[in-house]
Number of protein chains: 2
Amino acid sequence: MEGGQLQTIETSQSLAERLYVTLRGEIVEGQIGAGTKISEPELARRFNASRGSLREALMRLESLGLLERRVNVGARVVDLTERGLLDLYEVREALEGMACRLAAQHRSDEDLAELRQMLAHHEQQEELQAGQAYFQPEGDFDFHFRIVQASKNDLLIDTLCNRLYFRVRMYRYQLGMASPRAKRAFREHNHIIEAIEAGDGELAELLMRRHIRASRNNIEKKLTKET
Amino acid sequence: MEGGQLQTIETSQSLAERLYVTLRGEIVEGQIGAGTKISEPELARRFNASRGSLREALMRLESLGLLERRVNVGARVVDLTERGLLDLYEVREALEGMACRLAAQHRSDEDLAELRQMLAHHEQQEELQAGQAYFQPEGDFDFHFRIVQASKNDLLIDTLCNRLYFRVRMYRYQLGMASPRAKRAFREHNHIIEAIEAGDGELAELLMRRHIRASRNNIEKKLTKET
DNA sequence: TTTCCTCAGATTGTCAACACTTTGGCTGTG
DNA sequence: CACAGCCAAAGTGTTGACAATCTGAGGAAA
């Protein structure tokens with residue numbers, strides 16, 4: 001439902017880690033805008049922390065791909081480019097496709113129950129707000145998130161959930177790519193889960209790839225129209 | 001041919017970065033064995049560096065997935081598990097398959113020329129050492145490396161070349177997974193490049209995925225035999 | 001003997017000060 | 001006016017010291 005779900009924030013593990021989580025949120029949601037130059041002393045003052053702890057947080061953000069650092073020059077928030085967004089979708093297509101295939105292979109009753117329950121919840125929401133899709137993005141996110149978890153491949157889970165999805169959310173927040181395909185996306189989600197339930201990994205992968213590629217094409221169209 | 005190619009070591013950018021590169025090499029090649037506990041003061045003394053700089057290097061290694069750190073406890077080198085190796089191949093299958101598809105779509109004359117030249121070089125090497133395949137792993141590495149470069153997807157390139165491939169090399173060095181399929185692998189490489197040359201992304205992807213899955217199956221068989 | 005507690009040693013997290021590099025404006029010259 | 005070179009201010013990289021935390025050995029009690 002919410003960001004904290006992605007990486008449990010156990011109350012105050014270490015200062016650097018809390019700074020990392022906080023800054024990550026502000027960058028993703030755009031409070032620190034894309035392209036912004038980061039000043040270590042300034043941020044350190046703001047959080048009443050030392051530069052050392054702050055630097056640790058910055059470095060994690062760098063390896064998350066949210067920051068770019070150049071030696072002796074400093075850090076700046078990455079730019080959001082069309083190319084970057086489209087690239088992201090291509091990688092997601094590959095990885096989440098594989099996640100579906102694996103989820104279908106290892107399908108466990110618990111995972112299936114959870115997925116079904118989630119879909120029911122989404123359906124209910126959608127009926128309430130017939131067509132207005134701006135609640136769907138988080139729901140859509142949930143969907144993809146849980147499918148990946150069901151793949152049981154730790155490397156895949158880490159790559160997507162602890163890495164790429166932050167970039168996804170950053171683009172969503174700041175370029176506002178709320179898909180206007182709510183109803184259709186919901187149907188697609190259903191078909192994917194059915195394939196997983198049937199243990200048909202090949203089909204599940206194909207459907208997920210098509211699902212993501214449809215979003216990508218949608219965005220590509222919107223972008224070429226604007227420019 | 002060699003590690004330095006993966007990330008250009010411009011002479012002394014920053015101490016922390018040099019420490020990072022050095023340690024990364026030692027972990028990948030097993031001089032610092034898998035599972036080893038890292039002592040910050042000890043390593044700092046060894047390199048005549050301060051703990052701060054060393055910690056920066058350690059954190060990068062953590063986000064590379066070569067180290068695991070727990071707050072107030074310390075860092076240790078990751079364990080190499082069968083599950084981890086198999087997971088890695090599944091992710092590679094997905095990503096490198098996509099890389100092939102993209103390489104076929106954007107196929108440029110330069111990339112193709114380079115790929116062809118590289119294959120010719122490999123063939124020559126292989127004839128010299130007919131069958132003995134322990135030079136092939138690096139060649140195989142080169143092959144996959146360059147295919148990914150040709151995809152032109154920066155996120156994909158970064159994920160594979162600056163992240164996953166270090167893990168691949170770590171497994172290769174320490175579990176010695178030199179494929180005994182040298183000749184066959186070479187033929188498969190050839191077919192993949194032909195598909196890319198023909199602009200047939202779908203086929204290129206399929207061939208690459210099959211190629212990687214064959215390696216994975218090979219390893220899986222070897223592992224179940226040993227245990 | 002086993003279990004729990006205590007405490008010293010070692011290790012990690014955090015900080016403030018120092019050294020070096022970059023940046024942007026200023027001066028002086030062509 | 002344009003341009004190269006210099007200078008000060010700000011920023012980053014690096015260091016050593018201090019504070020908080022964990023680990024493990026040793027001893028006391030059940």
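Numbers restart at 1 for each chain; the letters A, B, ... are given by sequence-line order, proteins then strands. Because the structure is a prediction, the values reported are computed rather than measured.
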Completion exercise
To the nearest angstrom, the CZ-C1' distance between B:Arg45 and C:dA10 comes to 11 Å
Practice task
Among C:dT14, D:dT15, D:dG13, find the nucleotide with the atom closest to the side chain of B:Leu15.
Solution key: D:dT15
Exercise for the section: Kindly confirm or rule out a cation-pi arrangement of A:Arg24 over A:Tyr20, judged by NZ or CZ under 6.0 Å from the six-membered ring centre and within 45° of its axis? Expected result: yes
Handout entry: Basic-acidic side-chain contact under 4.0 Å: A:Arg60, A:Glu17
Key = yes
Practice task
Would you indicate which nucleotide in D:dT12, C:dT14, C:dT11 comes nearest to any side-chain atom of A:Glu40?
Solution key: D:dT12
Exercise for the section: Measure the shortest side-chain to side-chain distance between B:Arg76 and B:Thr36 over non-hydrogen atoms and say whether it is less than 4.5 angstrom. Expected result: no
Exercise for the section: Taking the six-membered ring of A:Tyr89 (Phe, Tyr or Trp), confirm whether the NZ or CZ of A:Arg92 is under 6.0 Å from its centre and within 45° of its axis. Expected result: yes
Handout entry: Integer-rounded Å distance: D:dT12 P and A:Glu42 CD
Key = 10 Å
Problem - Basic-acidic side-chain contact under 4.0 Å: B:Arg209, A:Glu205 - result: yes
Completion exercise
Atom CG of A:Leu19 and atom P of C:dG13 are separated, to the nearest Å, by 14 Å
Exercise for the section: Would you mind reading off the distance between A:Arg18 atom CZ and C:dT14 atom P, rounded to a whole angstrom? Expected result: 8 Å
Practice task
Check whether any side-chain N or O of B:Lys37 sits under 4.0 Å from OP1 or OP2 of C:dA10, and answer yes or no.
Solution key: no
Fill in the blank from the handout: Residue pair B:Gly74/A:Asn48 against DNA chain C: nearer the 5' end by closest nucleotide is B:Gly74
Check nucleotides 17-25 of chain C for protein N or O atoms closer than 3.5 Å to its own N or O atoms and list the pairs.
none

Practice task
Could you tell me the separation between the CD atom of B:Glu56 and the P atom of D:dT12, rounded to a whole number of Å?
Solution key: 13 Å
Exercise for the section: Please determine if a side-chain N or O atom of A:Ser53 lies less than 4.0 Å away from the OP1 or OP2 oxygen of C:dC15. Expected result: yes
Handout entry: Residue that, paired with B:Val77, satisfies side chain to side chain contact (heavy atoms under 4.5 Å, CB included) out of B:Met170, B:Glu26, B:Glu68
Key = B:Met170
Exercise for the section: Quick one: label A:Ile38 by what it contacts on the DNA or RNA (base, sugar-phosphate, nothing), any heavy atom closer than 4.0 Å. Expected result: sugar-phosphate
Handout entry: Atom-pair distance (CD on A:Gln13; C1' on D:dT21), nearest Å
Key = 13 Å
Handout entry: Spacing of A:Arg55 atom CZ relative to D:dT15 atom C1', expressed in whole Å
Key = 12 Å
Practice task
Inspect the contact between A:Asp111 and A:Arg146 and indicate whether a charged nitrogen and a carboxylate oxygen are less than 4.0 angstrom apart.
Solution key: no
Exercise for the section: Send over the distance from A:Glu17 CD to C:dT14 C1', rounded to a whole Å. Expected result: 15 Å
